[in-house]
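Order of the sequence lines fixes the chain letters, A, B, ..., with proteins taken first and strands second; residue numbering starts at 1 for each chain.
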2 protein chains.
Amino acid sequence: MKKVSIKDVANLANVSIASVSYVLNKMPNNRISETTANRIKEAAEKLNYRPNKIAKSLKTNKSKILGFIVADIANPFFGQIAKILEEEALKIGYTIIVGSSGENSEKFDKLINFFIDQQVDGLILAPVENSENSFIKLDKEKFPYIILDRNLNGINSSGIRINNKEISYQATNTLIEKGSKFPLLVSYETTLVNLLDRDFGFYEALKENNLSETEAIKVKINNIQKDIFNGLDKHFKKTKKPDAIYFTSNKLAFSGLRYLLKNNINIPEDVQIIAFDESDAYELFPVDISYIKQPLDDIAKNALEMILKIINKQNTIIENKKLCAKLILRESTN
Amino acid sequence: MKKVSIKDVANLANVSIASVSYVLNKMPNNRISETTANRIKEAAEKLNYRPNKIAKSLKTNKSKILGFIVADIANPFFGQIAKILEEEALKIGYTIIVGSSGENSEKFDKLINFFIDQQVDGLILAPVENSENSFIKLDKEKFPYIILDRNLNGINSSGIRINNKEISYQATNTLIEKGSKFPLLVSYETTLVNLLDRDFGFYEALKENNLSETEAIKVKINNIQKDIFNGLDKHFKKTKKPDAIYFTSNKLAFSGLRYLLKNNINIPEDVQIIAFDESDAYELFPVDISYIKQPLDDIAKNALEMILKIINKQNTIIENKKLCAKLILRESTN
DNA sequence: ATGAAAGCGCTAACAC
DNA sequence: GTGTTAGCGCTTTCAT
C-alpha cells in the first residue's frame with residue numbers, strides 16, 4: 001500500500017500539484033474556481049490523502065514541533081503541565097516533545113541539542129542548576145525559547161513564573177497568625193532563584209512579626225528523604241520544638257509528612273503545616289493539608305502563547321509573566 | 001545567523017556534498033581517504049554543522065519519531081513509562097511524542113491520525129474502550145504499532161502486557177490465606193480485557209477456596225470517587241461486612257483508602273487490603289499498603305524493542321509478551 | 001577515492 | 001483561473 005502524495009491527487013483531479021496545494025491549504029481563494037476546488041477535495045478524499053508534514057516542514061522551514069524540557073516528567077507537577085500543553089498545542093496543529101533532564105545540566109544541554117536537531121520551532125524550558133551555559137548558547141544563536149517555572153541567576157529571558165515570594169510570605173504569615181511562634185522552613189539547598197524566593201518570603205514574614213529565625217532544613221535535591229528525616233529528627237528532639245512547618249515543594253512535604261506520621265506528631269495540634277503544590281497524595285493523609293495551588297492551566301496556556309509569539313517574532317522584548325498561586329487552607333492550619 | 005547546511009561544509013572542505021554525507025554518516029569507509037575525511041570533520045566542527053533531520057527524514061522516509069498514546073499522561077503509571085521510553089529512545093536517536101486520549105475513543109483516533117500525519121515511524125498504544133475501529137484501520141494500512149498494557153476484545157495485535165489474571169489470583173489467594181472469608185472486589189465497569197482479567201483472577205481464587213461471591217463494586221471510569229464511596233458505604237453498613245478488599249487499580253485504591261480513612265475502618269484488623277499498582281501516595285497513608293508492582297521498566301524497554309522490530313520488519317508474526325507483576329506484601333495484609 | 005545529479009513531497013514565485 | 005518550476009537539505013546511485 002503505497003503512500004498517496006499530492007501528485008496522485010493532482011492526477012486524479014486533472015490539475016497541477018500547485019492547485020492541489022492551494023485548495024488544501026485554504027489559500028485566499030480568488031485563485032481556483034469553486035468547481036475545480038471541489039474536484040480536488042473529492043479526489044483528496046477518495047484517495048484518503050494525508051499531506052506529508054515532513055516535506056512541508058522542509059519547504060517552510062517550520063516543523064510545528066515544540067520541545068518541552070522538564071526536570072522529571074513523572075512528577076505530577078510537570079506531568080499536568082505537559083498534558084495541558086499537549087492538548088492546547090494539538091488544537092493549533094503543534095506537537096510537543098517532552099524530555100526529562102533529571103536535574104542534570106549535562107542531560108539538559110544534551111536534550112536541548114537533540115531537540116534543536118529535531119528542528120523544533122521553539123523550546124519551553126525548566127532550567128536546572130548550572131545550566132547557565134545552555135541559555136547563553138541559545139541566546140547567542142537567537143533560538144526561540146522561554147523559561148518555565150524556574151529562574152536562573154544572571155539569566156534574563158522571557159518566561160512564565162509565579163509569585164513565589166509573595167505567596168510564601170502569605171503562607172508564613174498565616175501560620176503565625178494562627179499562633180505559631182517557631183515556624184520551621186523546609187526547603188532546598190539550591191541556587192535556583194524561584195526556590196530561593198520561597199525562602200525569602202518565609203523570612204520576610206518572620207521579620208515582620210519579630211520572630212527569630214530557627215535553623216531551616218535545607219535539603220539536597222537528590223537526597224530528600226534522608227535529609228528531611230534527619231533534619232526533622234533533630235528539631236523534634238529539642239525542647240523548643242517547631243510548632244509549624246512550611247514545605248517549599250510537594251516532594252519535600254511528602255517526606256516530611258511521612259516523618260510526622262511515623263512519629264505520631266499531631267497536626268495541627270503539635271505542628272501546623274503548609275506545603276507548596278497540590279498533590280493527590282495528600283488525599284490519603286489523615287489530615288487535610290493546607291497547600292499552595294499553582295495555576296497549572298494558566299502556566300501551560302501562557303507558556304504556549306508566549307513561545308508562539310516569540311517564534312512568530314511578534315515579541316521582540318523580554319517578557320516576564322508572573323502568575324498568582326493561591327493559598328488553600330484546610331485542616332492542617334486549624 | 002543563517003543555518004549552516006551540508007553545502008557550507010562541502011564548500012569549506014572543498015569536497016562534494018556527497019562526500020560530506022558519507023563521512024558524517026560513518027559509511028563503510030573504503031570510500032573517502034582519511035585526509036579528506038578529517039578535513040570534512042574539521043569543517044563541520046568549525047561551522048558547528050547540525051544535520052537537518054527533517055531533510056533526512058524526507059529522503060529516507062523515516063522520521064525516527066514514535067508516537068505514544070496513553071489514557072492520561074498525568075497518571076504516574078503512564079508518566080513513568082513515558083519517561084523510561086523517552087530515555088531509552090533518546091539513546092538510539094529516536095524521539096517520543098506523547099498524547100493523552102482521556103479514555104475517549106474519538107480523541108484516541110484523532111491522535112493516531114495526527115501522529116501518522118506527523119510521519120511517526122510507529123505507534124505504541126494504550127487502547128481505550130470502543131477504539132476497535134482505530135485498530136482495524138491501522139491493520140488495513142499495515143501501519144506499525146503495538147499495544148501496551150491493555151487489551152481489546154477481538155483485536156489481536158502484537159503487544160506488551162502483564163499477567164493480570166494470574167497475579168490477581170495470587171493476590172486474592174493471599175487475602176484468603178490470611179483469613180479473609182468475605183473478600184470484596186473493587187474494579188471497573190469496562191470491556192477492556194486486561195481489566196476483566198483482574199476480575200477473573202479474583203473470582204477464580206474465590207471458587208478454588210469455596211467462598212461465595214460477594215457483590216463486587218463496579219466503578220464507572222469517569223465517576224470513580226462517587227461510585228466507590230457509595231459502594232463501600234453500602235457494604236460497610238451490612239452486618240456481613242467485607243474483611244478484605246482487592247482494588248484493581250491505583251485510582252480505585254486511592255478513593256477506597258480515602259473512604260476507609262474517613263470512616264475509621266482499621267487496616268488490617270477490620271479489612272485487609274491489596275491494591276494494583278504502586279503509588280507514591282501510599283507513603284502518606286498511615287498503613288503500608290500491600291500492592292501489585294508492575295515491571296514498568298521492562299514494559300517500556302520491551303515496548304520499544306518490539307515496535308522497532310516491527311518497523312524494521314524483523315518481525316512478521318504477531319508477538320504477545322506477557323511480563324510478570326509482583327505482589328509486594330506489607331502491613332495491610334498483616 | 002570522489003563528484004554529479006536525481007529526487008523525497010511539498011510551497012510559492014512566476015508565467016500564461 | 002491554472003500550470004510550471006525552483007528549491008528546501010539531504011541520501012544514494014551512477015559515473016569517472
Side-chain angles (χ1 to χ4, degrees), chain A residues 1-44 47-65 93 116-121, chain B residues 1-44 47-65 93 116-121:
Chain A
M1 187 162 287
K2 237 195 105 253
K3 289 216 99 190
V4 354
S5 83
I6 195 170
K7 226 181 200 163
D8 303 315
V9 180
N11 282 148
L12 182 60
N14 248 309
V15 293
S16 72
I17 59 166
S19 299
V20 177
S21 178
Y22 275 110
V23 170
L24 265 30
N25 286 308
K26 304 193 212 312
M27 285 297 169
N29 51 5
N30 40 350
R31 233 180 178 303
I32 314 290
S33 69
E34 204 167 319
T35 42
T36 29
N38 283 333
R39 197 148 34 91
I40 290 169
K41 282 181 204 154
E42 271 170 35
L47 294 174
N48 191 21
Y49 169 61
R50 309 277 202 92
N52 183 327
K53 284 194 191 171
I54 297 274
K56 182 171 186 167
S57 293
L58 181 60
K59 180 68 195 172
T60 60
N61 207 21
K62 299 234 158 303
S63 66
K64 296 246 189 182
I65 299 179
I116 292 180
D117 287 350
Q118 200 69 247
Q119 308 298 124
V120 294
D121 291 339
Chain B
M1 185 161 287
K2 239 197 101 252
K3 291 217 94 187
V4 354
S5 81
I6 195 169
K7 228 181 200 164
D8 303 314
V9 180
N11 281 148
L12 182 60
N14 248 310
V15 293
S16 70
I17 59 166
S19 298
V20 177
S21 178
Y22 275 111
V23 171
L24 265 32
N25 287 306
K26 304 191 211 312
M27 286 297 172
N29 53 2
N30 40 351
R31 233 182 180 301
I32 315 291
S33 70
E34 203 165 319
T35 43
T36 29
N38 283 332
R39 198 147 33 92
I40 289 170
K41 281 181 205 154
E42 271 170 35
L47 294 175
N48 193 19
Y49 168 61
R50 308 277 203 92
N52 183 327
K53 284 194 192 171
I54 297 273
K56 182 170 187 168
S57 292
L58 181 59
K59 182 68 195 173
T60 59
N61 207 20
K62 298 233 158 306
S63 65
K64 294 246 190 181
I65 300 179
I116 291 180
D117 287 349
Q118 199 70 248
Q119 309 299 124
V120 294
D121 291 339

Check this for me: does any side-chain nitrogen of one of B:Arg50 and A:Asp117 sit under 4.0 Å from a carboxylate oxygen of the other?
yes
For [X] and [N], what is the distance between atoms [atom1] and [atom2] respectively, to the nearest whole Å?
X	N	atom1	atom2	value
A:Lys3	C:dC10	NZ	P	9 Å
A:Leu58	C:dC8	CG	C1'	9 Å
A:Gln119	D:dC8	CD	P	14 Å
A:Lys62	C:dA12	NZ	P	11 Å

At 4.0 Å (heavy atoms only), tell me whether A:Thr36 reaches a base, stays on the sugar-phosphate, or touches nothing.
sugar-phosphate
So B:Asp8, base contact, sugar-phosphate only, or nothing? Heavy-atom distance under 4.0 Å.
nothing
The helix from C:dA1-D:dT16 to C:dC16-D:dG1: angle between terminal helix axes, five bp per end, to the nearest 10 degrees, reads 50°
A:Leu24 vs A:Ile40 side-chain heavy atoms within contact, under 4.5 Å:
yes
Nearest 0.5 Å please: distance from the NZ atom of A:Lys59 over to the CG atom of B:Leu58.
12.0 Å
Protein heavy-atom contacts under 4.0 Å, written 5' to 3' over nucleotides 10-16 of chain D as B (base), S (sugar-phosphate only) or - (none), form the string BBBBB--
Hey, which of A:Val20, A:Val15, A:Asn38, A:Val23 is the one that makes side-chain contact (heavy atoms from CB on, under 4.5 Å) with A:Ile32?
A:Val23
